[in-house]
**Student:** 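Before anything else, here's the structure in question.
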Amino acid sequence: MELASKYSPAQVEGKWYQYWMDNKLFSSKPDGREPYTVVIPPPNVTGVLHMGHVLNETIQDILVRRARMEGKNACWVPGTDHASIATEAKVIKRLAEQGIKKSDLTREEFLKHAWAWTDEHGGIILKQLRQLGCSCDWDRTAFTMDEERSRSVIRVFCDLYDKGLIYRGLRMVNWDPERQTALSDEEVIYHDEHSHLFYLRYYVDEPAGSTDGEEADAQVLSATEPFDPTVKHQIIHRDAQGRRYAVVATTRPETIMGDVAVCINPKDPKNTWLRGKRVIVPLVGRVVPIIEDRYVEIEFGTGCLKVTPAHDVNDYALGQKYDLESIDIFNPDATLSEAARLYVGMDRFDCRKQIVKDLDAAALMEKVEDYDNKVGYSERTNVPIEPRLSLQWFIRMQHFADIALPPVMNDDIRFYPPKYKNTYRTWLENIKDWCISRQLWWGHRIPAYFLPNQEDVPDADRQYVVAESIEKAVEKARQLKGYENVTADELIQDEGALDTWFSSWLWPISLFNGINNAGNEEIRYYYPTSDLVTGPDIIFFWVARMIMAGYEYLGDMPFRNVYFTGIVRDKLGRKMSKSLGNSPDPLDLIDKYGADGVRMGMMLSAPAGNDILFDESLCEQGRNFNNKIWNCFRLVKGWTVDADAAPTEAAATAVRWFDAKLKQTAALVDDHFSKYRISDALMAVYNLFWDEFSAWYLEIIKPAYGCAIDKGTYDVTLHYFDCLLRLLHPFMPFITEELWQNIEERAKGESIMFQPVSVIGTDADESLIRDFETVKEIISDIRAIRLQKGIAPKEELVLEVVGENKMSAYNSAISKMANISAINSVSEKSPSAVAFMVGTTEYAVPLGNLMDVEAELKKLNDELAYAEGSLRIVMNKLNNANFVSRAPEAIVAAERKKQADAESRIASLKAAIAALQS
RNA sequence: GGGCGAAUAGCGCAGUUGGUUCAGAGCGUCUGCCUUACAAGCAGAAGGUCGGGGGUUCGAAUCCCUCUUCGCCCACCA
């Protein structure tokens with residue numbers, strides 16, 4: 001077989017993926033084997049592969065492939081998520097480009113467009129996963145809005161409603177004015193913002209010049225005097241006309257049209273004079289009461305808080321407590337509504353600018369301060385959210401928090417890294433009800449049906465039934481008094497859709513149809529799944545809620561282990577983003593370096609839980625490694641084999657040593673995997689292949705040019721190669737399959753995918769490994785001498801061992817690797833020899849006239865100084881009575897051995913120096 | 001404001017119960033090599049008072065305290 005000197009992944013990867021597919025090697029069905037199940041975190045159906053996916057999916061594929069090789073029935077279920085809000089946004093954008101507004105379409109028409117979009121762009125990402133080598137069981141590909149999943153979602157909604165865990169209510173929710181829908185708390189992202197604190201005048205509703213008794217001990221400020229919030233006595237403001245006013249600080253002056261009260265703290269000395277009064281909302285002219293509540297911070301601003309129940313969560317609470325009116329001054333798109341009376345139709349931010357001008361002009365603006373505060377943004381549309389009172393559907397979460405917290409805290413479900421247990425606990429201990437309704441069309445429509453003829457009833461009080469289908473809804477409705485003859489046409493289904501995460505939280509169950517067909521064979525076999533690989537950013541969105549649903553519906557955990565990946569950043573530590581343009585296209589990388597190279601590049605720098613600073617050069621390292629593997633294979637397969645020859649002594653030694661090394665590393669890799677230290681596992685195999693196998697083993701057994709290799713060594717080398725490929729396969733599936741198939745003739749349908757790493761669990765000969773490390777050191781030292789003295793590798797040298805040659809078993813290996821013609825045991829080294837020490841043994845290479853006495857003396861003296869230094873440190877310890885008496889015996893003995901070694905080393909160094917000087 | 005985590009070689013990191021094996025591997029850097037598998041390579045080398053300070057201990061990268069600097073998560077001071 002002719003093999004190119006450079007490995008080209010492109011010719012290999014597609015071929016083997018097709019082979020795996022053709023032979024259905026990824027497919028899984030319940031059987032007698034131990035299951036190993038992973039459900040993919042479903043990417044957005046219309047999404048495309050980005051570096052975050054590459055990281056996440058590579059880790060999953062590594063785990064799945066490894067489990068499969070271990071003989072488990074590995075099942076990796078792929079699928080996509082309908083991504084309600086994101087997809088709807090994309091569809092709306094495309095419609096807009098065609099000049100169509102969403103509001104011009106019926107729900108059905110819009111959904112037709114949405115499905116068209118999904119069919120057109122959907123599943124691209126799944127195809128891309130194939131290029132990465134992901135070994136998903138594609139026959140199981142699911143979609144959160146496919147038939148089975150949709151039925152599961154609706155059924156669960158109805159069930160939770162029947163259990164009283166879902167309710168409909170008028171609440172202050174996070175409103176996304178761009179998409180015009182409610183969001184859950186988790187979908188709001190807070191950003192620091194430089195803004196302003198506006199101090200507004202609220203005149204007291206009284207005749208100019210009014211006073212009351214309290215004014216005697218008050219400080220009266222004119223309009224021009226600065227206000228000091230730390231003052232501990234009453235402060236009364238008067239303008240030039242003698243009118244008194246309160247000063248209210250706000251970041252959102254545009255909401256004054258919704259003001260219904262001003263609140264002070266009853267303990268605030270500054271503002272006691274306002275007690276019981278009424279003030280006039282600036283510009284608006286509405287007279288509102290002063291109310292008192294401990295909620296108000298005395299020290300903040302002026303201690304006066306404007307109360308706008310419709311547009312602030314806390315104000316809403318105050319409104320409820322004091323039975324205040326709620327004036328919603330915004331339309332759903334956050335323009336000013338009729339109810340605002342002023343600025344009607346203006347955008348909220350334009351309004352802020354305008355109202356500031358108008359307040360100024362009307363002398364109602366006391367002052368403006370710079371102020372940093374946090375503003376909530378919609379996770380998906382990135383517009384500031386508006387707290388908005390609206391009728392939504394909620395899940396009572398306390399019940400779910402109660403069932404989901406213990407299994408994580410007591411490690412039934414393990415988090416890697418475990419630090420996320422804290423995050424998880426904090427969230428569950430402060431759980432809030434989950435707003436699950438969205439004012440969107442793309443998603444699972446809420447299965448609530450309103451009864452007819454309720455036009456006069458306020459929204460919140462309208463009667464409805466919740467049922468899995470319209471037929472069942474009719475049945476239920478007919479049981480209600482007055483609706484005995486209601487028909488399907490008369491029932492009006494809730495317009496809203498469910499939060500996407502309401503379907504995602506069922507994913508590990510619904511994929512095996514465990515809701516619709518509870519207790520079926522698949523759910524019994526595959527559930528609980530084994531490992532979940534995901535980012536910590538969705539620990540609340542998804543991980544926690546899957547745990548909740550798992551215990552609620554199957555009474556068991558959805559997965560045993562959760563591996564949290566980091567966030568992929570660029571090498572400067574910046575988050576990868578489209579706008580920065582710092583996110584490489586994974587497919588370009590695959591073109592350039594091969595999927596195996598990209599996978600390796602990703603894994604080389606991916607400790608669990610830490611952010612990953614991705615650098616393309618890591619893929620290059622991956623590609624180079626592929627090339628290395630390729631060329632090792634070329635080398636070995638290029639040898640001619642002599643069936644009758646006996647192995648050389650050097651080869652026989654190397655074979656024994658590598659057997660130990662292979663076992664040792666396999667055990668190490670296994671240990672790393674058991675701790676989910678995947679990059680460490682990869683690095684261990686990398687070192688084994690490149691350093692131990694290629695640089696040492698192969699170089700030792702390599703026959704001289706033109707010579708054949710003995711069959712015994714050749715066969716065992718192929719066996720080692722096979723073992724190495726198996727260790728590598730989870731990380732680099734393509735090249736390992738290609739080479740494994742070429743080690744020998746394989747039957748059709750056979751694959752490395754199912755070959756166990758059989759050396760795991762067998763003991764390695766540790767002393768052999770230690771000896772060989774010594775041998776390597778001897779060889780390296782000789783090579784270093786060659787480099788220093790400019791002696792060509794081809795020129796043969798003699799090695800002298802002063803005293804007994806404890807490594808004589810390795811003579812032939814040393815001779816070959818360091819090009820040594822003879823190894824002699826001597827009692828005293830030759831005068832012209834350059835010496836070096838390995839352990840306590842002195843070695844020397846006679847150099848004749850190449851010997852540089854001065855340089856050699858300097859080197860020996862440096863070494864002597866170092867040895868004497870270490871002896872001093874050891875002696876300090878040993879001369880310390882406390883150390884000798886209190887430290888464990890073994891430690892003391894070790895120090896004594898160090899002392900002896902150092903002394904013998906010093907002695908031989910001194911002797912060597914003396915010999916040179918004579 | 002609360003909580004969590006991190007700081008070790010130029011870079012990104014590992015370092016488990018304090019002690020032979022502890023100051024490490026990878027990349028990068030430097031030096032010499034196109035040595036008949038691989039220059040996407042080979043051989044060799046240099047690089048760190050383990051963020052600062054204090055403490056516990058015979059002994060600290062490791063345990064405790066403290067300070068500094070970063071990162072993340074949570075939280076209703078408008």
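Chain naming here is simple, since letters A, B, ... match the order of the sequence lines and numbering starts at 1 in each.
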**Student:** Donor-acceptor pair, A:Asn430 side chain versus A:Thr426 backbone, under 3.5 Å?
**Tutor:** yes
**Student:** Which whole number of Å gives the distance between the P atom of B:G52 and that of B:U35?
**Tutor:** 48 Å
**Student:** Select from A:Phe625 and A:Ser780 the residue whose nearest nucleotide in RNA chain B is closer to the 5' end of that strand.
**Tutor:** A:Phe625
**Student:** Verify salt bridge (charged side-chain N to carboxylate O under 4.0 Å, His left out) between A:Glu386 and A:Arg348, making sure each step is shown before the conclusion.
**Tutor:** CA-CA 10 Å; A:Glu386 197 60 59; A:Arg348 52 184 167 160; 2.8 Å; yes
**Student:** Checking side-chain hydrogen bond (donor to acceptor under 3.5 Å, both in side chains) for the pair A:Asp293/A:Asn265: CA distance, chi angles, key distance, verdict?
**Tutor:** CA-CA 5 Å; A:Asp293 194 278; A:Asn265 190 307; over 6 Å; no
**Student:** Looking across every strand, which nucleic acid part, if any, lies under 4.0 Å from A:Arg677 by heavy atom: base, sugar-phosphate, or nothing?
**Tutor:** sugar-phosphate
**Student:** With the sugar-phosphate defined as primed atoms, P, OP1 and OP2, and the base as all remaining atoms, what B/S/- string results for nucleotides 5-11 of chain B, 5' to 3', for protein heavy atoms under 4.0 Å?
**Tutor:** S------
**Student:** May I ask you to verify if any side-chain N or O of A:Thr426 is less than 4.0 angstrom from the OP1 or OP2 atom of B:C74?
**Tutor:** no
**Student:** Looking at A:Glu369 and A:Lys367, does any basic side-chain N land under 4.0 Å from a carboxylate oxygen?
**Tutor:** yes
**Student:** Could you encode protein contacts along nucleotides 24-37 of chain B as a string, one character per nucleotide from 5' to 3', using B for base contact, S for sugar-phosphate-only contact and - for no contact, with a heavy-atom cut-off of under 4.0 Å?
**Tutor:** -SSS----S---BB
**Student:** Tell me whether B:G47 sits syn or anti, counting syn as a glycosidic angle within 90° of 0.
**Tutor:** syn
**Student:** Got a sec, which residues hit ring pair (Phe, Tyr, Trp, His ring centres under 6.0 Å) with A:Tyr424, two or more places apart in sequence or on another chain?
**Tutor:** A:Phe415
**Student:** Sticking with atom P, work out how far B:G24 lies from B:G19, rounded to a whole angstrom.
**Tutor:** 14 Å
**Student:** According to a 3.5 Å limit on both distances, what stems of 3 or more consecutive Watson-Crick or G-U pairs are formed with RNA chain B?
**Tutor:** B:1-7 with B:68-74, B:29-33 with B:41-45, B:51-55 with B:63-67
**Student:** May I ask you to check whether A:Phe564 and A:Tyr416 place their ring centres under 6.0 Å from each other?
**Tutor:** no
**Student:** Taking the six-membered ring where the residue is Trp, are the ring centres of A:Tyr190 and A:Tyr377 under 6.0 Å apart?
**Tutor:** no
**Student:** Under 4.0 Å, heavy atoms only, any strand: does A:Lys877 hit a base, just the sugar-phosphate, or nothing?
**Tutor:** nothing
**Student:** What nucleotide, of B:A40, B:G44, B:G19, holds the atom closest to the side chain of A:Arg783?
**Tutor:** B:G44
**Student:** Grab the CZ-C1' distance between A:Arg896 and B:G19 for me, whole Å please.
**Tutor:** 15 Å
**Student:** May I ask you to say whether A:Arg201 pairs ionically with A:Glu366, meaning some side-chain N is under 4.0 Å from a carboxylate O?
**Tutor:** yes
**Student:** Is the distance from OP1 or OP2 of B:G41 to the nearest side-chain N or O of A:Asn624 less than 4.0 Å?
**Tutor:** yes
**Student:** Side chains of A:Glu616 and A:Tyr593: do they bring a donor and an acceptor to under 3.5 Å?
**Tutor:** yes
**Student:** For nucleotides 76-78 of chain B, which of its nitrogen or oxygen atoms have a protein nitrogen or oxygen under 3.5 Å away, and what is each distance?
**Tutor:**
| from | atom 1 | to | atom 2 | distance (Å) |
| --- | --- | --- | --- | --- |
| B:C76 | O2' | A:Asn314 | ND2 | 2.9 |
| B:C76 | N1 | A:Asn314 | OD1 | 3.0 |
| B:C76 | O2 | A:Asn314 | OD1 | 2.9 |
| B:C77 | O2 | A:Glu297 | OE1 | 3.3 |
| B:A78 | OP2 | A:Tyr371 | OH | 2.4 |
| B:A78 | N6 | A:Glu297 | O | 3.0 |
| B:A78 | N6 | A:Phe300 | O | 3.2 |
| B:A78 | N1 | A:Glu297 | N | 3.2 |

**Student:** Both A:Arg569 and A:Glu895 contact RNA chain B. Which one's nearest nucleotide lies toward the 5' end?
**Tutor:** A:Glu895
**Student:** Name every donor-acceptor pair, under 3.5 Å, that has one atom in a side chain of residues 787-794 of chain A and the other anywhere in the protein, sequence neighbours excluded.
**Tutor:**
none

**Student:** For A:Asn882 and B:U56, give me the distance from atom CG to atom P, rounded to whole Å.
**Tutor:** 14 Å
**Student:** For B:C72 and B:G28, measure between their P atoms and round to the nearest Å.
**Tutor:** 29 Å
**Student:** For B:A39 and A:Lys6 - does any side-chain N or O of the residue sit under 4.0 Å from the phosphate oxygens OP1/OP2?
**Tutor:** yes
**Student:** Within the 3.5 Å criterion, strictly below it, is a donor on A:Glu187 or A:Ser184 matched to an acceptor on the partner's side chain?
**Tutor:** yes
**Student:** What class does the angle between the rings of A:Phe693 and A:Phe689 fall in, given that below 30° is parallel, 30 to 60° is tilted and above 60° is perpendicular?
**Tutor:** tilted
**Student:** Can you tell me which nucleotide in B:G19, B:U20, B:C74 comes closest to the side chain of A:Phe883?
**Tutor:** B:G19
